[in-house]
Amino acid sequence: MVDWELVAFVALSAIEIVASILVVTNKRLVRAAFWLAITLVTIGGIYLLFRSEFVFLIQILVYAGTVPVLLLFGVMLTRRKIMDEATVEGS
Amino acid sequence: MSHGGESAPLVPNLFDVCKVLTLAILGLVDAILDGIGAAIPPLGPPLAGLSDFLLGNFVVTVVTWIIAMTVILLWATLFNLLTVMWLERKFYSRIQDRYGIMISIWSLPFWPFNRRDRPTHKGTGYLQNVADGLKLLQKENLTPATADAAMFHISPVLIASSTLMLLVALPWSSGFYIARLELGLLFVLAAFSLAPIGILIAGWSANNKYTLIGGLRAAAMLLAYEIPMILCAIALVFSTGSLNLFDIVEQQERPLIDFGLFAIPAWYAFGPQILGFLIFTVAMVAEMERIPFDIPEAEAELVEGWTTEYSGMRFGLLFGFKWLRMIAGAALIVTMYLGGWSGPVFTRLYVGNIPIPVFPEELYFLVKVWLLCLVFIWISWSVPRIRIDQILQIGWKRLVPYSLLAVLIGAGSRVVRP
Amino acid sequence: MPEFWVNMGPQHPMTHGLWNMRVKVDGETITDAEPEIGYLHRGYEKIMEVREFEKNVVLTDRLCYVSSITWSHVYCLAVGRMMGVEVPERGQWLRVVSLELQRVASHLMWLASYGPDLGLLTGLLWALRERELFLDLIQLMSGMRMNQNYPRIGGVRNDVPENFDAMCRRSIEHFLGKLKGYEKLFHESKIFLMRTQGVGKISAANAIDWGVTGPNLRACGLNVDLRRLDPYETYEEVDFEPQVWRGADGGDSYARFVCRFNELRESCGIILQAFEKMPKTGAYRTKAPRRAEGEGFARTEDSRGEALFYVVGDGDDRPYRVKIRSPVFSTMAATPILLRGNKLADVVAILGSVDVCVGEMDK
């Protein structure tokens, strides 16, 4: 029969690796923050596969809830050009 | 409870009820397949194999799960959301000395409700929210030309999904739940903490100064008020010793003071957790973005705040899920501090030989949640809104020290009365 | 984030009227402000040169449409002084009653719009409910709820119906009982005090320099009320107290709010006294000549401050020149001082307490 745990693990790891690559290569910082959130949540999912529910919840609460938000705060409060020009680039 | 008896749920186990429904549906499909197999002989064996597969464990489990999830979703959004929205609109209208929404069932355009001789605007108004939802569904979904389209479209999904995650861990009675999580309290708090990122991306992606300001304000406020919430939850865990929401409610069922004729139950709001209860409630009102904490979407200053550029059902999702978060927040407070679904069952009716409690747990839970929502609505519509820097001052300078004090009191109560 | 200009308007739900408030913000703090007005300019001073004297009352009603009688009254006063027309005593008392009724209605409209500015939507519906009482009284008196065309040069248009004083008394008693509810909603709300105290301060010297008048000036501690300083009609015979802020920390939004709120009680007192003191019968209007030559000048205490009309006639049956001075126009120039140093979220609270009416500002 199919080993569903292995399938889940492979799927989550694939999403996480792709997302983490997109975090560091994306030119738009807002999208990088979004992919960072995805990365952290899927890492938490892998913790859930290992039966550590507590670590999964703490990962969501502490990491995925606050780190991308802080990153976005940093981007949005220091960007110079967003207010003056009509473009949408977050870089 | 010595007098009325223990509390009893109307739905002893959601999955059992759903399984009965599943087996009924699959049995019907099986009968149809058998009928087709008998009518067309060459198709007999493959159809028999198909019906075996359909009645096998895998399909039954999957369909039961789907039905259970649908039931919980419809219960929360179709029944609870509509009712709480209706309660809010009627209640604040009466505070404002007017009737409120009054549309009646005779205004529906199809039979048997389209009678000409009945008044259409002297009813209860319950259908108004359905009408508003339909109105939002048929509106055009505009995307600003200079917006970041991918992020613009994905942020309502983020907010909606983090709100719906709450329904996984939130039980509506001791039998009406989806999952009995050991760490239920932490799960709900984690789901609440995922909201700021969706709001921030929504505010940014519309490429509008005002939505950006609104999104930043909303994220700052939500982050600031999560801290007292989590600290008060920690204070509560000192008394309960468990993060399981079912254990927390069970511990509140015992009587605090027994007067013989009636008893005051040992709700956590009556004990040393009273400070935690008050701080948690204030922080929850801020997490729900209600007046007095609704500066992120203050119409007076920033039109609609971070939701300005959303139209159609996207706006409807964001708007409606604000109420769903209110219901979930009130449900959490009721579970943690106000005894959850416990309440005396005075008698039971017997249908066949199935005992049906007259005052089931679901009823107590709903009544408590709706009353708490009414208190929130009452506060909302009686006070002005607080400015964002004053909100942050209250959060950091007042609520955090008080919640630390609540943690100390919680730990102390554990030492004094273990 | 660097400083940038934010446009609050011309379409903004809470700036009450068609004008644009540009503020320069540094983060959340305001560093400069620049009001852009004129969106509602209708060319009053020119139009009034083309209409006969009496027909201009219809126009002056619409200068500030929330407070119509006060504006038509100051025009009739100016033209009356130019023509040398003497208003009979009952006419003067009727003018006083109509002015004070209109003042209460205008202040209640301000209160109704100030609540939602701060997020208190219940205030809107309660104040409008009370305003209905006074609009009914004004309708009984003059036939219309707004833009009544009631004052005339030399008096008023018509007399009041029988037992109008009993009706006024009943409405006013009901209203004064309701004021306690308003005080609970506004004055005793900690959040309201947090939003309005210390916000939008202007010193008394600055207020005088920039031409701020009315309740805005009385909130800075100066006892300037034209009904006492430069009395007109029969205000000398009426006993009332100009609401001046006593205390050290005046000039902020809360002081303006309290001064304007307390004027509601004073105006109700004036109306009741007027009914006792006015002659029960008599003429209410003197016929005014068609043509006039000369100049007439009148200033009155409008709901928002000092309203001033200067009319010049050259012997024709229409004015040669009309000059209107609006209190809100001068106060608008002081908005940089009012707004500087406050937060962006306070703009609506401050401008609401100043009570802007764009109709009279733009003329």
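Everything numeric here is computed off the predicted structure, so don't read it as measured data. In the text below, chain A, chain B and the rest are named by the order of the sequence lines, each starting its count at 1.
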Can you check side chain to side chain contact (heavy atoms under 4.5 Å, CB included) on B:F187 and A:E53, steps first, answer last? CA-CA 9 Å; B:F187 191 95; A:E53 298 104 0; over 6 Å; no

Got B:L200 and B:W204 here, is their nearest side-chain heavy-atom distance under 4.5 Å? no

So B:N141 and B:H153, do their side chains get closer than 4.5 Å, heavy atoms only? no

Is B:L223 close to chain A through its backbone or its side chain, or both, or neither, when contacts mean heavy atoms under 4.5 Å? side chain

If the condition is salt bridge (Lys or Arg N to Asp or Glu O under 4.0 Å), which residues does A:R31 pass it with, not counting sequence neighbours? B:D148

Heavy atoms under 4.5 Å from chain B: which residues of residues 42-51 of chain A carry them? none

About how many Å separate CD of B:Q393 and CD1 of B:I388, when rounded to the nearest 0.5 Å? 11.0 Å

Counting only heavy atoms from other residues, nucleotides and ligands, does the tally under 6.0 Å from CG of B:N57 exceed 12? no

B:L14 versus B:I72: any side-chain heavy-atom pair under 4.5 Å? yes

So if I take each residue of residues 59-66 of chain A and look for any heavy atom under 4.5 Å from a heavy atom in chain B, which residues do I end up with? A:I60, A:L61, A:A64, A:G65, A:T66

With rounding to the nearest 0.5 Å, note down the distance linking CD1 in B:I201 to CD1 in B:I159. 9.0 Å

Look at B:I154, B:I230, B:L186 and state which one has the largest set of heavy-atom pairs under 4.5 Å with chain A. B:L186

Is B:M288 close to B:F293 at the side-chain level, that is, under 4.5 Å between some pair of heavy atoms? no

May I ask you to test the B:N244-B:L181 pair for a side-chain heavy-atom distance under 4.5 Å? no

For B:A220, is it the side chain, the backbone, both, or neither that has a heavy atom closer than 4.5 Å to a heavy atom of chain A? both

At a heavy-atom separation under 4.5 Å, does B:I199 approach chain A through its side chain, its backbone, both, or neither? neither

side-chain contact (heavy atoms from CB on, under 4.5 Å) test vs B:I66 passes for just one of B:T64, B:V62, B:V63, namely B:V62

Toward chain A, the part of B:A150 with a non-hydrogen atom under 4.5 Å: both

Any donor-acceptor pair under 3.5 Å from B:T240 side chain to B:S242 backbone: yes

Side chains of B:Y310 and B:S155: any donor to acceptor distance under 3.5 Å? yes

Residue pair B:E289 / B:L222, side-chain heavy-atom distance below 4.5 Å: yes

Are the side chains of B:P156 and B:F321 in contact, using a 4.5 Å heavy-atom criterion? no

Quick one: which residues of residues 8-25 of chain A reach chain B at under 4.5 angstrom, heavy atoms only? none

